[in-house]
Amino acid sequence: MQTLDYEVLQRLLAWLEQGERPWLCTIVTTIGSAPRPLGSLLAVLDRGEQIGSVSGGCVEEDLLERLRAGFYTGERPELVEYGVSAEENERLGLPCGGRLVLLIQQLQPADSGWLGDILAALDRRHCIERCLDLATGATGLRPVAHFSALTLSEQQLTQCFGPRMRILLVGAGQLAQSLAELGLAMDYEVLVTDPRREFLDQWSGPDIPRIQGMPDDVVRERANDRHSIIITLTHDPRIDDMALMEALGSEAWYVGALGSVRTTEKRLRRLRQLELPEQQIERLHAPVGLPIGSKTPIEIAVSIMAELTQLRRTSAAT
């Protein structure tokens, strides 16, 4: 399962290869409340077929009517603003005071090249940046180390595409099942690993990859980049510590461990006894999750996903 952005770009490429002339619509500015975040994509054909979203549906319907009526020539990218009045907000179902600006671009056969290159980069779990010349519609690409927010100037749109965030859960228990459900609902890729075959066989959570193996090997092979999240859940130091020793020395964006404050203190002592560098130990989020008084597996899962959301939003804003 891929991100919605990936699916939109993939569909655009398929349409071009079929001889279609699709439109790519991107949210480039939001003011006040907006139904979809900056950078959201919509791909649409004049006949009405579409994928992606820039609102709850009403903006898409209005935009399609304009495309069919020939409002836009397609000769170069154009900016379209929605929500300029209270009446329009009510008609389109936009939040009170919300405004958004869309960049509308009709793609040409030559655009197949950069679409394919972006999809290939995402398949390799690399970040790549698209630079669109607003005067000519020409696109240039460049690899980047980190994801960055969309920017728009009078001359250029710059938009970064990155791979889906991957959560590796170490321990196939009930909490992992709740975390997997929430993670999938929030558009994460989720995997679970456990060296204990019986735990994987008893898995009753969502259909995700279940990997039997030594946790350090699985971390190294499946969650060793800056778009990875590793969370240990077994309560068994022989399993959790092995995963943490590999994870804390990796490029993983987030490493967390389940446990009480007392359990965490014992874990930190063990990691220091194993001569793990202090700089790596400081990366550990433990006890994992926001302190919201959670007790049940689903409550703990909510606290963990809330912490991930908080950290991602904070890092995106800086």
Side-chain angles (χ1 to χ4, degrees), residues 1-28 30 34-80 82 100-134 137-141 143 147 150 152 157-166 184-190 207 227:
M1 183 178 177
Q2 295 288 353
T3 63
L4 182 56
D5 282 355
Y6 187 100
E7 293 175 0
V8 170
L9 298 174
Q10 192 175 49
R11 183 71 61 84
L12 285 168
L13 180 58
W15 280 338
L16 287 171
E17 291 174 344
Q18 295 164 10
E20 302 281 4
R21 294 285 301 280
W23 297 83
L24 172 59
C25 311
T26 308
I27 298 180
V28 295
T30 59
R36 295 283 291 141
L38 193 70
S40 296
L41 304 179
L42 167 71
V44 62
L45 295 176
D46 290 340
R47 64 173 178 264
E49 191 173 348
Q50 64 186 52
I51 184 172
S53 177
V54 292
S55 77
C58 292
V59 169
E60 285 86 346
E61 293 176 9
D62 184 83
L63 183 60
L64 183 58
E65 289 180 8
R66 295 189 187 191
L67 292 174
R68 286 172 169 166
F71 271 56
Y72 312 114
T73 66
E75 295 177 359
R76 63 181 181 84
E78 298 184 56
L79 296 172
V80 183
Y82 281 95
L100 58 86
V101 178
L102 303 180
L103 182 69
I104 312 297
Q105 179 189 11
Q106 188 170 36
L107 300 189
Q108 311 295 329
D111 291 304
S112 296
W114 66 261
L115 285 167
D117 289 344
I118 290 179
L119 292 170
L122 295 179
D123 286 337
R124 297 191 301 270
R125 295 184 61 77
H126 293 169
C127 283
I128 191 166
E129 198 167 68
R130 178 194 180 206
C131 301
L132 172 66
D133 188 313
L134 299 184
T139 288
L141 299 178
F147 188 87
L150 177 149
L152 178 70
L157 167 73
T158 302
Q159 185 173 15
C160 188
F161 293 92
R164 195 176 186 199
M165 292 294 285
R166 173 181 290 172
L184 292 174
M186 295 172 67
D187 201 32
Y188 289 85
E189 178 186 8
V190 185
D207 185 14
H227 310 293

> Does the Gln159 side chain pair with the main chain of Gly39, one donor and one acceptor, at a distance under 3.5 Å?
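Judged by distance alone, yes, a pair lies under 3.5 Å.
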> For residues Val44 and Glu49, determine if any side-chain heavy atom of one lies less than 4.5 Å from a side-chain heavy atom of the other.
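A side-chain contact under 4.5 Å is absent here.
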> For Pro22 versus Leu16, what's the shortest heavy-atom pair and its separation?
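Residues Pro22 and Leu16, closest heavy atoms: CD-CD2, 3.6 Å.
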> Under a 4.5 Å cut-off applied to non-hydrogen side-chain atoms, are Leu4 and Asp187 in contact?
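Sidechains of Asp187 and Leu4: no contact.
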> CG of Leu107 to CG of Leu115: how many Å apart, nearest 0.5 Å?
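Leu107 CG to Leu115 CG: 6.0 Å, rounded to 0.5 Å.
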> Heavy atoms, side chains only, cut-off 4.5 Å: are Arg76 and Leu134 in contact?
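In short, these two side chains do not touch, never coming nearer than 4.5 Å.
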> What distance separates Arg47 CZ from Leu64 CG, expressed to the nearest 0.5 Å?
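Those atoms lie 11.5 Å apart.
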> Search all heavy atoms of Leu150 against all heavy atoms of Leu38 and return the closest pair with its distance.
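In this case the closest contact between Leu150 and Leu38 is O-CD2, 3.9 Å.
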> Does some side-chain heavy atom of Tyr82 sit less than 4.5 Å from a side-chain heavy atom of Asp62?
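They are in side-chain contact.
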> Among all residues two or more places apart in sequence or in another chain, which pass the side-chain contact (heavy atoms from CB on, under 4.5 Å) test with Asp46?
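Testing Asp46 for side-chain contact (heavy atoms from CB on, under 4.5 Å), a comparison that skips the adjacent residues, returns Trp23, Leu67.
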> Hey, does the side chain of Arg166 reach the backbone of His227 with a donor-acceptor pair shorter than 3.5 angstrom?
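Not confirmed, Arg166 side chain does not pair with His227 backbone.
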> What distance separates Ser40 OG from Asp5 CG, expressed to the nearest 0.5 Å?
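Taking OG in Ser40 and CG in Asp5, the distance rounds to 7.0 Å.
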> Is the shortest side-chain heavy-atom distance between Val101 and Ile27 below 4.5 Å?
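Val101 vs Ile27: side chains apart.
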> Tell me the closest heavy-atom pair linking Gly52 and Val8, and the distance in Å.
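Shortest heavy-atom contact: CA-CG2, 3.8 Å.
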> Begin with the C-alpha distance, continue with both residues' side-chain angles, and end with the deciding distance and a verdict on side-chain contact (heavy atoms from CB on, under 4.5 Å) for Val80 and Phe71.
CA-CA 11 Å; Val80 183; Phe71 271 56; over 6 Å; no
> If we ignore hydrogens and angles and just use 3.5 Å, is the side chain of Glu60 paired with the main-chain N or O of Ser55 as donor and acceptor?
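Judged by distance alone, yes, a pair lies under 3.5 Å.
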> Decide yes or no for Arg66 and Tyr72: does some side-chain heavy atom of the first lie under 4.5 Å from some side-chain heavy atom of the second?
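Yes, close enough: below the 4.5 Å cut-off.
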> Flag the pair Arg11 and Glu20 as a salt bridge only when some basic side-chain nitrogen lies within less than 4.0 angstrom of an acidic carboxylate oxygen.
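No.
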> Ignoring hydrogens and angles, tell me if any N or O in the side chain of Asp111 forms a donor-acceptor pair with the backbone of Gln108 under 3.5 Å.
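It does hold such a pair.
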> Taking the side chain as every heavy atom from C-beta outward, state whether Phe161 and Leu141 have any atom pair closer than 4.5 Å.
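The answer is no, as the side chains (C-beta and beyond) never meet within the 4.5 Å cut-off.
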> Would Leu41 and Leu9 satisfy side-chain contact (heavy atoms from CB on, under 4.5 Å), going step by step from the backbone distance to the final call?
CA-CA 9 Å; Leu41 304 179; Leu9 298 174; 4.2 Å; yes
> Which heavy atom of Cys25 sits nearest a heavy atom of Val54, and at what distance?
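Nearest pair, atom of Cys25 first, then Val54: O-CG1, 4.2 Å.
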> Take Arg130 and Thr158 through the side-chain contact (heavy atoms from CB on, under 4.5 Å) test and state the conclusion after the steps.
CA-CA 6 Å; Arg130 178 194 180 206; Thr158 302; over 6 Å; no
> Taking C-beta and beyond as the side chain, do Ile118 and Tyr6 meet within less than 4.5 Å on heavy atoms?
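Side-chain contact under 4.5 Å: no.
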> What's the shortest heavy-atom distance between Leu42 and Gln50, and which atoms?
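In this case the closest contact between Leu42 and Gln50 is CD1-CB, 4.1 Å.
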> I need the Leu79 CG to Leu152 CG distance, nearest 0.5 Å.
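Here the rounded value is 6.0 Å.
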> If every non-hydrogen atom of Gly162 is compared with every non-hydrogen atom of Cys127, which pair is closest and at what distance?
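So the minimum-distance heavy-atom pair works out to CA-SG, 3.9 Å.
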> So, the side chain of Gln106 versus the backbone of Arg21: is there a donor-acceptor pair under 3.5 Å, distance only?
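Such a contact is found between Gln106 side chain and Arg21 backbone.
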> For the backbone of Val28 and the side chain of Thr26, can you confirm whether one donor and one acceptor N or O come within less than 3.5 Å of each other?
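Such a contact is absent between Thr26 side chain and Val28 backbone.
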> Walk me through it: do Leu132 and Gln105 pass the test side-chain contact (heavy atoms from CB on, under 4.5 Å)?
CA-CA 10 Å; Leu132 172 66; Gln105 179 189 11; 3.6 Å; yes
> Would the distance check show the side chain of Arg164 and the main-chain N or O of Tyr188 forming a donor-acceptor pair, the cut-off being under 3.5 Å?
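Indeed, once roles are kept as given, a pair shorter than 3.5 Å links the two residues.
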